[in-house]
Amino acid sequence: MNLDFSQIVPYIPFMLEGIWETLKLAIVAILFGFILGNILALFKIGRIRPLRWFADAYTSIFRGTPLILQLMIIYFAVPQLTGYDIPIFLSAILAFGLNSSAYVSEIIRAGIQAVDKGQTEAALALGVPYRQMMTDIILPQAMKNILPALMNEFITLTKESALVSTIGYLDLMRRAQVVGADLYRNFEPLLFVGVIYWLLVMGLTLIGRFLERRLRVSD
């Protein structure tokens, strides 16, 4: 094995800048996915059949097709169909956010249905409006139950964000590829960003455990 990590030292600042690009993409996408996922989850447990059918069909499509396919369709097909040259970052946000919302909607739906039905019955008996019941009573309890699953989705999204390197977004993975092409050495930069990804995931895992402990204390 002929490894020489000293050659990537001048490129380390360039690769480290990819941390913010990766986190920025993951944070915005998960926020978008969380908001849309909440809406879809309410559609799924609601009484309006067309909305339930729409939410189920949406989830089936985005969970049943590869994420990279969705990314490619948004980035390459939107300009072809509309003439709008969609920016790389916006393409990534749409692809990852739409995909994540399908999974988040199922997580939230399961969390809502796991709340004791007595809570809903008591709220209805007291005359609490449905919207207020969901926002003030049911959803806060559901969020405590689904926090580990949501953190797992955020971690998964952070790792899967490496797919945006295929459309030229300068995240961690893309920067490692640029360095590898410049040096004609790929193992060292790829291993370096691999360690960074691992550290990011470990950091997010610790944050998730901290939040879980805080919620248990509040109970």
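Counting begins at 1 with the first residue of the sequence.
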Is any side-chain heavy atom of [X] closer than 4.5 Å to a side-chain heavy atom of [Y]?
{"X": "Val164", "Y": "Phe96", "answer": "yes"}
{"X": "Arg185", "Y": "Gln7", "answer": "yes"}
{"X": "Leu94", "Y": "Ile86", "answer": "yes"}

Side chain of [X], backbone of [Y]: donor and acceptor closer than 3.5 Å?
{"X": "Thr59", "Y": "Asp56", "result": "no"}
{"X": "Ser100", "Y": "Gly97", "result": "no"}
{"X": "Asn152", "Y": "Pro148", "result": "no"}
{"X": "Thr158", "Y": "Ala26", "result": "no"}
{"X": "Thr65", "Y": "Ile61", "result": "yes"}

Rounded at 0.5 Å granularity, tell me how far [atom1] in [X] sits from [atom2] in [Y].
{"X": "Ile207", "Y": "Arg209", "atom1": "CD1", "atom2": "CZ", "value": "12.0 Å"}
{"X": "Gln70", "Y": "Ser91", "atom1": "CD", "atom2": "OG", "value": "13.0 Å"}
{"X": "Asp4", "Y": "Phe187", "atom1": "CG", "atom2": "CZ", "value": "13.0 Å"}
{"X": "Arg175", "Y": "Phe14", "atom1": "CZ", "atom2": "CZ", "value": "4.5 Å"}
{"X": "Leu90", "Y": "Tyr75", "atom1": "CG", "atom2": "OH", "value": "11.5 Å"}

TODO: Mind running side chain to side chain contact (heavy atoms under 4.5 Å, CB included) on Phe89 and Glu21 for me, showing each step along the way?
DONE: CA-CA 10 Å; Phe89 184 72; Glu21 297 300 327; 5.6 Å; no
Open item on the list: Just checking Tyr184: does its OH atom have more than 12 heavy atoms from other residues, nucleotides or ligands closer to it than 6.0 angstrom?
Closed with: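 Open: at most 12 neighbouring heavy atoms sit under 6.0 Å from OH of Tyr184.
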Open item on the list: Count I, L, V, M, F, W, Y as connected when their side-chain heavy atoms are under 4.5 Å apart, and connections chain through other members. Are Ile48 and Trp53 then in the same cluster?
Closed with: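 Ile48 and Trp53: separate clusters.
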Open item on the list: Please evaluate residues Phe5 and Val9 with respect to the criterion side chain to side chain contact (heavy atoms under 4.5 Å, CB included), reporting the C-alpha separation (whole Å), side-chain torsions for both, the decisive distance (0.1 Å), and the verdict.
Closed with: CA-CA 7 Å; Phe5 286 92; Val9 171; over 6 Å; no
Task: Distance-only donor-acceptor check, side chains Ser101 and Tyr58, under 3.5 Å - done: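 There is such a pair between these side chains.
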Open item on the list: Check this for me: does any side-chain nitrogen of one of Lys44 and Glu106 sit under 4.0 Å from a carboxylate oxygen of the other?
Closed with: yes
